Amino acid sequence: MSVQLYDTHSRSIQTLAPQPGEPLRFYCCGPTVYGPAHIGNFRTFLIQDVLRRVLEVDGTEVRHVRNITDLDDKTIRQSQAEGKSLAEFTTHWTEKFHTDCETLNMLPPSLEPSAVEHIPQQIVLIETLIQKGHAYAAEDGSVYFRVSSFENYGSLSKLKQRELKTQNENSAGAVNDADEYDRESVADFALWKARKPEDGDNYWASPWGEGRPGWHLECSAMIESSFGGQTIDLHGGGIDLCFPHHENEIAQSECAHDHALCRHWFHSAHLMVEGEKMSKSLGNLYTLNDLREKGFSPMIVRYTLIAGSYRQQLNFTFDGLHASQSALTKLERFADSLLKKTGEGREALAGYISADAPEDFGRFAKAWDALRNNLNTAACLGAIFGVLGANPAASLDADGARAMLRAFGSLLYALGLELFTVEEKQIDAPAEIQALAQQRWEAKQAKDFAQADALRDELLEKGWVIKDRKDGFELEPG
RNA sequence: GGCGCGGUCGCCAAGUGGUAAGGCCGAGGACUGCAAAUCCUCUAUCGUCGGUUCGAUUCCGACCCGCGCCUCCA
């Protein structure tokens with residue numbers, strides 16, 4: 001039993017394993033809480049959530065730490081713009097993030113450190129780095145990391161220092177960054193940023209004067225305090241963080257601690273929306289609420305965001321959401337067919353959804369293997385539907401159905417999918433329409449089909465479609 | 001220029017050195033007064049050109065096309 005996962009650093013698939021007797025130490029760069037998280041953010045967090053669940057089902061204990069970035073340029077700028085204190089502002093968006101996570105059925109992390117609560121640890125880290133010659137204070141009171149002092153810089157992203165420099169000079173035509181002035185090299189990055197007027201009240205005392213920590217340093221400090229300064233097993237984040245954020249984390253932590261920061265790097269690809277890069281200016285930056293207003297339940301969004309390979313860009317489309325909706329319904333019908341065999345109601349399904357995996361996944365073995373093999377959610381879902389296609393419930397007795405439900409339930413747990421939660425689009429028809437529909441139903445019951453069809457046509461003209469069910473009818477907007 | 005991802009049925013998408021999972025949509029059938037819903041069945045030779053091989057979509061090379069990062073964006 002083991003889980004295989006692609007590692008960005010070695011550029012190869014490696015077995016994930018904790019240190020003997022220890023939980024797997026898993027750190028994820030969390031959200032910057034300066035507004036509602038969008039589906040792109042959630043794609044990354046959801047994939048991390050699925051990995052964690054797969055590890056749990058596989059029997060690995062996981063210490064999952066995901067931070068809250070509540071102190072950086074964006075949170076400061078936005079809180080000021082709204083005339084709120086940083087704490088008030090970030091608390092609000094942190095709460096909103098939690099609500100969304102819960103709605104998406106994400107497991108809460110074991111620990112959720114906040115950047116602003118780790119300033120003392122960050123200052124200590126800077127002092128250590130200065131002492132060791134890896135950092136220096138500039139005249140204005142900012143402190144920079146001396147990239148040239150760390151030989152391995154760039155090993156994660158495979159960017160050579162020389163190339164970075166060349167790029168900086170070429171793309172800009174000239175090196176003209178204002179911060180540049182105080183830095184020894186363009187590649188050096190800020191560990192501590194001297195206080196500026198636009199920071200408002202958001203500054204802290206330090207040996208180098210008032211100011212605030214740099215973003216990269218926050219993660220290094222939180223990892224250190226969350227895992228006792230030990231090498232962690234796994235570090236996750238969006239692919240964009242690979243450089244410079246993670247590269248800088250490595251530099252800071254390894255220079256301070258003289259041991260590896262992390263054994264295994266886990267990066268997920270970004271999201272496209274309808275074939276275009278997601279951005280505010282294109283107006284295609286959706287939040288969970290946006291999609292809910294358009295009639296897509298959170299579980300549909302979850303399914304859509306985890307259904308593709310995590311290492312490939314996912315093109316998020318409304319067609320895709322509809323496809324997910326149908327697929328999810330198919331899973332629900334399957335669950336129904338098994339529950340019918342066991343004589344249980346839908347509410348019993350929850351009892352089968354568990355990280356406590358069966359010894360044998362039976363027909364679902366292929367689906368489970370797919371998840372353990374580099375988190376192949378697409379192949380997993382494919383294998384699940386492959387089983388469904390054979391209509392296995394038909395030939396099972398109650399015990400057989402229960403066994404299959406256990407395996408199915410473990411897969412649902414690993415994927416974090418909940419069934420029967422899709423909110424029906426309950427759009428109430430006006431009384432007049434309801435009355436016509438009722439008349440039509442009565443005509444149909446009386447086998448006066450001419451009259452029934454006439455009324456149905458009339459409703460259609462008024463924009464409502466009748467769909468007969470077993471013991472009645474439903475009205476949907478045409 | 002550097003690093004990286006990708007081009008597989010109308011759309012999404014998995015995968016393997018020996019003739020291609022799955023989902024959506026669509027089509028046909030069953031059912032239904034007709035529809036709907038449901039159930040059953042059906043649809044590809046894998047960007048281009050070379051090479052290796054008994055055999056390549058899968059390995060190697062070249063090329064074309066799309067996309068991401070290299071500017072504190074998951």
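What you see is a predicted model, and the numbers here were worked out from it, not measured in a lab. Within every chain, numbering begins at 1; the chains are lettered A, B, ... in the order of the sequence lines, protein sequences first and strands thereafter.
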So if I take every side-chain heavy atom of [X] and compare against [options], which nucleotide ends up nearest?
| X | options | result |
| --- | --- | --- |
| A:Arg43 | B:rA74, B:rG68, B:rU71 | B:rA74 |
| A:Tyr6 | B:rC5, B:rG33, B:rU71 | B:rC5 |
| A:Asp453 | B:rC67, B:rG33, B:rC5 | B:rG33 |
| A:Asp240 | B:rC40, B:rA74, B:rA21 | B:rA74 |
| A:Trp215 | B:rC73, B:rA14, B:rG2 | B:rC73 |
| A:Thr32 | B:rA74, B:rC70, B:rU38 | B:rA74 |
| A:Gln312 | B:rG6, B:rA13, B:rG22 | B:rG6 |
| A:Ala327 | B:rG23, B:rC70, B:rA74 | B:rG23 |
| A:Ser326 | B:rC70, B:rC25, B:rG23 | B:rC25 |
| A:Ala378 | B:rA35, B:rA14, B:rC67 | B:rA14 |

Assigned partner base of [N], Watson-Crick or wobble definition, under 3.5 Å:
| N | value |
| --- | --- |
| B:rA21 | none |
| B:rC31 | none |
| B:rA37 | none |
| B:rG26 | B:rC42 |
| B:rA62 | B:rU48 |
| B:rG1 | B:rC70 |

Do you know which of A:Thr44, A:Thr8, A:Ile47 makes side-chain contact (heavy atoms from CB on, under 4.5 Å) with A:Phe266?
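Option passing the side-chain contact (heavy atoms from CB on, under 4.5 Å) with A:Phe266: A:Ile47.
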
Same-atom distance ([atom1]) from [N] to [M], integer angstrom:
| N | M | atom1 | answer |
| --- | --- | --- | --- |
| B:rG7 | B:rC46 | P | 14 Å |
| B:rC31 | B:rU38 | C1' | 9 Å |
| B:rU58 | B:rU45 | C1' | 12 Å |
| B:rC73 | B:rG68 | C1' | 12 Å |
| B:rC11 | B:rG26 | C1' | 11 Å |
| B:rU53 | B:rC59 | C1' | 10 Å |
| B:rU41 | B:rU52 | P | 44 Å |
| B:rG23 | B:rU43 | P | 13 Å |

Expressed as a whole number of angstroms, how long is the span from [X]:[atom1] to [N]:[atom2]?
| X | N | atom1 | atom2 | value |
| --- | --- | --- | --- | --- |
| A:Gln313 | B:rC73 | CD | P | 17 Å |
| A:Leu328 | B:rG23 | CG | P | 14 Å |
| A:Asn284 | B:rC73 | CG | C1' | 14 Å |
| A:Ile239 | B:rG6 | CD1 | C1' | 14 Å |

If we require ring centres under 5.5 Å and near-parallel planes under 30°, does A:His270 stack on B:rG68?
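No, the aromatic ring of A:His270 does not stack with the base.
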
If we require ring centres under 5.5 Å and near-parallel planes under 30°, does A:Phe449 stack on B:rG33?
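Yes, the aromatic ring of A:Phe449 stacks with the base.
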
From CA spacing to verdict: salt bridge (charged side-chain N to carboxylate O under 4.0 Å, His left out), A:Arg52, A:Asp49
CA-CA 5 Å; A:Arg52 170 182 164 185; A:Asp49 183 60; 5.3 Å; no

Between A:Lys74 and A:Lys330, which is nearer to the 5' end of RNA chain B once each is assigned its nearest nucleotide?
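First, find each residue's nearest nucleotide; the 5'-ward one identifies A:Lys330.
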
Nearest nucleotide by nearest heavy atom, which residue falls closer to the 5' end of RNA chain B, A:Met278 or A:Gly386?
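Looking at RNA chain B, the more 5' nearest nucleotide goes with A:Gly386.
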
Side-chain N or O of [X] less than 4.0 angstrom from OP1 or OP2 on [N]?
| X | N | value |
| --- | --- | --- |
| A:Arg66 | B:rA74 | no |
| A:Lys366 | B:rG15 | no |
| A:Asn376 | B:rG15 | yes |
| A:Arg456 | B:rA35 | no |

Checking the side chain of [X] only, and the main-chain atoms of [Y] only, is there a donor and an acceptor separated by less than 3.5 Å?
| X | Y | answer |
| --- | --- | --- |
| A:Glu254 | A:Leu261 | yes |
| A:Lys444 | A:Gln451 | no |
| A:Arg183 | A:Asp188 | yes |

Do the side-chain N and O atoms of A:Glu249 and A:His245 include a donor-acceptor pair separated by under 3.5 angstrom?
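A donor-acceptor contact under 3.5 Å links the two side chains.
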
Work out which heavy atom in A:Tyr286 is nearest to a heavy atom in A:Asp290; give both atom names and the distance.
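It is CA-OD2, 3.5 Å.
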
Quick check: are there more than 12 heavy atoms from other residues, nucleotides or ligands sitting under 6.0 Å from CD of A:Gln438?
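More than 12 within 6.0 Å, yes.
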
